[in-house]
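Some notes on the structure that comes next.
Just so it is clear, the values below take in all heavy atoms, side chains as well, and ignore hydrogens, waters and symmetry mates.
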Amino acid sequence: MRIARFSIDGNVAFGAVEGDKPDELVLDIIKGIPFADFELSGTKVPVSKVRLLPPMLPNKVIAFGRNYAEHAKELGNEVPDAPFAFFKPSTSVIGPGDEIQYPSFSESLHHEAELAVVIGRMCREVPRERANDVILGYTAANDVTARDVQKREKQWARAKGFDTSCPLGPWIETDLDLATASDLTIQCTVNGQQRQLGRTSDMITPIADLIANITEAMTLLPGDVILTGTPAGVGPLNVGDEVAVTIEGIGTLTNKVVKRG
């Protein structure tokens, strides 16, 4: 099931996405929330008539850096000996079609296409063999990064945590099992030109181990998001660019870069 979060006539709801052709998609409005038992209402609305929102509002976004060897190499970094985590605040999250605001304190903004894992229930100290039990589904993400600030400052809070730096969407795909999610194509285009192309099977630390690693330290809540790293090919974004992240079996997340007002 593809679960979207949307706004219509000032109201926010979740809906199950039905259909295959982009111009024919409809939402069957969900009774309740997707992190608990829910029913489909049977009330349907065309996707074209709503505004898609970030598919969830996470309490926290945990991101793992340098989880693809070729990406670490392209930036002149060593592959870490263990998973390397950092945070993006909830205020960094935007949805499909929302604008990425070029931060005033940076002159080098980069895209980073990533598979995002959406947690489905409260969990702590999850063994890797039970990781699939705590996953609600998957979505696409763009870990937008102020690269010059990342290099200049010793920690990444401003470089990767500024407002609008975490586009997520377009929806949560719940029908992917862990094995399938571990071998998907990730692609990023800017103005229609391919920049990144990789597979989740190239991760240094696989999804189950990332979940085990972070839940050793902290409790994850329903709706929390884990960013699993980006393949090689990261590059610059400029004001006016349209950046699209496409993940096999999930969909395409598209955002435009604008000057911060």
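Side-chain atoms of N67 come within 3.5 Å of backbone atoms of T205 as a donor-acceptor pair (strictly under, hydrogens ignored). Judged by distance alone, the side chain of E99 and the main-chain N or O of V257 form no donor-acceptor pair under 3.5 Å. Between the D28 side chain and the L40 main chain, no donor and acceptor come within less than 3.5 Å of each other. Between the D224 side chain and the N59 main chain, a donor and an acceptor come within less than 3.5 Å of each other.
Within the structure, side-chain hydrogen bond (donor to acceptor under 3.5 Å, both in side chains) contacts touching residues 114-138 (residues at least two apart or in different chains) are R128-D209. Residue pairs meeting the side-chain hydrogen bond (donor to acceptor under 3.5 Å, both in side chains) criterion with at least one partner in residues 174-190, sequence neighbours excluded, are D177-T180, D183-R199, D183-S201, T185-R199, T185-E248. A side-chain hydrogen bond (donor to acceptor under 3.5 Å, both in side chains) check over residues 250-261, counting only residues at least two apart or in different chains, returns the pairs T246-T252. Identified under the ring-ring contact (aromatic ring centres under 6.0 Å, His included) test for residues 14-57, with sequence neighbours left out: none. The list of side-chain hydrogen bond (donor to acceptor under 3.5 Å, both in side chains) pairs with a residue in residues 37-56, not counting sequence neighbours, reads E18-K44, R51-D98. Screening residues 88-120 for ring-ring contact (aromatic ring centres under 6.0 Å, His included), with sequence neighbours left out, gives no hits.
When all heavy atoms of A4 and L27 are compared, the closest pair comes out as CB-CD2, 3.9 Å. When all heavy atoms of P55 and L168 are compared, the closest pair comes out as CD-O, 3.5 Å. Nearest heavy-atom pair across S106 and A146 is OG-CB, 3.5 Å. L178 and A208 make their closest contact through CD2-CB, 3.9 Å (heavy atoms, listed as atom of the first residue, atom of the second, distance). Closest approach of L52 and P170 over heavy atoms only: CD1-O, 4.3 Å. Residues P54 and G95 come closest through the heavy atom pair CG-N, 3.4 Å.
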Working for side-chain contact (heavy atoms from CB on, under 4.5 Å), residues I100 and V258: CA-CA 6 Å; I100 299 167; V258 301; over 6 Å; no
side-chain contact (heavy atoms from CB on, under 4.5 Å) between R5 and L57, intermediate numbers included: CA-CA 10 Å; R5 180 170 163 269; L57 289 178; 3.2 Å; yes
Can you list the steps and then say if V118 with I135 is a side-chain contact (heavy atoms from CB on, under 4.5 Å)? CA-CA 6 Å; V118 182; I135 298 172; over 6 Å; no
Carefully, step by step, assess L227 and I62 under the rule side-chain contact (heavy atoms from CB on, under 4.5 Å). CA-CA 6 Å; L227 305 189; I62 305 107; over 6 Å; no
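In this structure, L184 is a member of the same hydrophobic cluster as M203, with clusters built from ILVMFWY side-chain heavy atoms closer than 4.5 Å. Residue L210 is grouped with residue L115 when hydrophobic side chains (ILVMFWY) are merged at heavy-atom distances under 4.5 angstrom, including chains of intermediate members. Under the 4.5 Å side-chain heavy-atom criterion for grouping Ile, Leu, Val, Met, Phe, Trp and Tyr, I247 is connected to I226 within one hydrophobic cluster.
In the hydrophobic clustering (ILVMFWY side chains linked at under 4.5 Å, chained through shared members), L75 is joined by V234. In the hydrophobic clustering, V79 connects to I204, either directly or through intervening members, whenever side-chain heavy atoms lie under 4.5 Å apart. Side-chain heavy-atom separations under 4.5 angstrom define the hydrophobic clusters, and the remaining members of the one that includes V12 are L53.
Annotation: the span from R158 atom CZ to T145 atom OG1 amounts to 14.0 Å, rounded to 0.5 Å. For the atom pair CG (D163) and OG1 (T91), the distance works out to 5.0 Å, reported to the nearest 0.5 Å. Note: F6 CZ to I30 CD1 = 8.5 Å, rounded to the nearest 0.5 Å. One finds the CD1 atom of I186 at 9.5 Å from the CG atom of L197 (value rounded to the nearest 0.5 Å). Taking NE2 of H71 as the reference point, atom CD of Q196 lies at 8.0 Å (rounded to 0.5 Å).
The side-chain heavy atoms of P58 and M56, taken from C-beta on, include a pair separated by under 4.5 Å. Between V26 and V45 the shortest side-chain heavy-atom distance does not fall below 4.5 Å. A heavy-atom distance below 4.5 Å is not found between the side chains of I172 and I250.
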Donor-acceptor list for residues 213-223 side chains, cut-off 3.5 Å, not counting sequence neighbours:
| residue | atom | partner | partner atom | Å |
| --- | --- | --- | --- | --- |
| T215 | OG1 | V126 | N | 3.0 |
| T215 | OG1 | I211 | O | 2.8 |
| T215 | OG1 | A212 | O | 3.4 |

N/O donor-acceptor pairs under 3.5 Å from side chains in residues 80-90, not counting sequence neighbours:
| residue | atom | partner | partner atom | Å |
| --- | --- | --- | --- | --- |
| K88 | NZ | D143 | OD1 | 2.6 |
| K88 | NZ | K160 | O | 2.5 |
| K88 | NZ | S165 | O | 3.1 |
| K88 | NZ | S165 | OG | 3.4 |

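For the residue pair E173/T139, the side-chain donor-acceptor check at 3.5 Å is not satisfied.
For R147, the salt bridge (Lys or Arg N to Asp or Glu O under 4.0 Å) partners two or more places apart in sequence, or in a different chain, are E112.
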